[in-house]
Amino acid sequence: MRGAEVLVVDDIHKSYPTAEGPVPVLSGVSLGLAAGESLALTGESGSGKSTLLHLAAALDRPDQGGITLAGTPLAGLDDAGLARLRRDRIGIVFQQFNLIPSLTVAANLAFQARLAGRHDPDWTAELTGSLGLEGLERRYPDELSGGQQQRVAIGRALAGRPGLILADEPTGNLDEATGAAVLGLMLGLVAETGAALLMVTHSERLAARLDRRLHLRAGRLA
Ligand SMILES: Nc1ncnc2c1ncn2[C@@H]1O[C@H](COP(=O)(O)OP(=O)(O)OP(=O)(O)O)[C@@H](O)[C@H]1O
């Protein structure tokens, strides 16, 4: 069942300044994502997928149009307000894993959950097991392979049980079987907690496992 809207993107436009003048990247993109719903975002390289994800993550602001997260219009918040909203409500998995190098795997997960005010050792233990990270809890990020770091990044995003999960190619560094299992875990969290998932992927097969799919072409949804 579709729950309340977690994310509403309303006719946003975004361009980047370049030496040749502003280059439009998103030109009138709108979408809604409800609690418990998963949405795959596909599109060619350079079509604006990461830009859209950054805007939804409140890491950047659109030039025009509005984004509402859990009923709160982002335009009304200052940078501290945006940071708070991100911390409390959003789990982000980006292509750069953004792990904290001075913290172990276990501490990376716990830190994120504490930041969100929802540290639950049982849940982090369950995540550690489901992501196949047992035995690696005391390692530091630079002692892990790329695929292991990616799984820690996913664990970190899920540790605080966010209402919205934004993921940019979250299984890109994983072999096919591990990637499929990790996506299963993310979809399981969506089902269990009623989170909403917006995931960028180049994989048709992974996209087909999500509830809905949107395709970006030259800055517009097709
Ligand atoms: N900070 C920036 N300054 C100028 N141009 C940028 C900037 N970031 C992105 N772009 C340009 O905006 C366009 C969209 O980039 P974006 O990263 O959103 O695409 P994408 O669909 O995620 O691509 P990929 O699949 O390759 O990751 C590209 O043409 C890119 O070169």
Side-chain angles (χ1 to χ4, degrees), residues 6-33 37-69 74-75 77-79 82-83 85-86 90-99 145-147 149-154 156-158 162 164-176 178-180 182-183 186-187 196-222:
V6 174
L7 174 70
V8 179
V9 173
D10 183 21
D11 196 22
I12 56 168
H13 294 248
K14 180 74 182 172
S15 57
Y16 290 114
T18 67
E20 292 83 44
V23 173
V25 175
L26 297 176
S27 310
V29 169
S30 299
L31 62 89
L33 188 59
E37 193 179 32
S38 58
L39 174 63
L41 184 62
T42 56
E44 284 178 9
S45 178
S47 59
K49 305 180 298 296
S50 300
T51 301
L52 179 54
L53 223 59
H54 270 81
L55 293 169
L59 287 163
D60 199 359
R61 295 177 189 268
D63 302 332
Q64 284 176 52
I67 298 177
T68 304
L69 219 149
L74 300 188
L77 300 178
D78 60 12
D79 287 350
L82 293 181
L85 196 75
R86 234 178 1 255
I90 309 179
I92 306 177
V93 190
F94 282 146
Q95 287 170 344
Q96 312 78 1
F97 306 133
N98 298 327
L99 300 177
S145 73
Q149 289 181 35
Q150 185 155 34
R151 281 179 276 146
V152 179
I154 292 166
R156 219 175 70 136
L158 303 184
L164 175 64
I165 303 165
L166 299 171
D168 201 347
E169 290 276 353
T171 60
N173 275 345
L174 306 177
D175 63 75
E176 182 133 350
T178 310
V182 164
L183 178 60
M186 294 174 73
L187 293 175
L197 170 67
L198 175 57
M199 184 177 97
V200 168
T201 181
H202 284 286
S203 159
E204 297 289 327
R205 195 155 6 162
L206 294 184
R209 289 179 59 189
L210 275 60
D211 295 330
R212 280 197 298 145
R213 173 176 172 171
L214 291 172
H215 189 77
L216 257 182
R217 187 170 291 131
R220 293 176 193 276
L221 287 175

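Counting starts at 1 for both ligands and their atoms, following the listed order. Below, all heavy atoms of this structure are taken into account, side chains as well, without hydrogens, waters or symmetry copies. All residue numbers in this chain count up from 1 along the given sequence.
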Spell out, as yes or no, whether a donor-acceptor pair under 3.5 Å connects the side chain of [X] to the backbone of [Y].
X    : Y   : value
S30  : D11 : yes
D63  : S15 : yes
R220 : S27 : yes

field: L41 side, atom CG; T201 side, atom OG1 - distance, nearest 0.5 Å
entry: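 So the CG of L41 and the OG1 of T201 are separated by 10.0 Å.
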- prompt: Does the side chain of M186 reach to within under 4.5 Å of the side chain of L158, using non-hydrogen atoms?
  reply: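 Yes. Closest side-chain heavy atoms under 4.5 Å.
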- prompt: What residues sit with at least one heavy atom under 4.0 Å from ligand 1?
  reply: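 Its neighbours under 4.0 Å (heavy atoms only) are Y16, V25, E44, S45, G46, S47, G48, K49, S50, T51, H202, given by chain and number.
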field: Qualifying ring-ring contact (aromatic ring centres under 6.0 Å, His included) pairs, either residue in residues 203-222, two or more places apart
entry: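 Non-adjacent pairs meeting ring-ring contact (aromatic ring centres under 6.0 Å, His included): zero.
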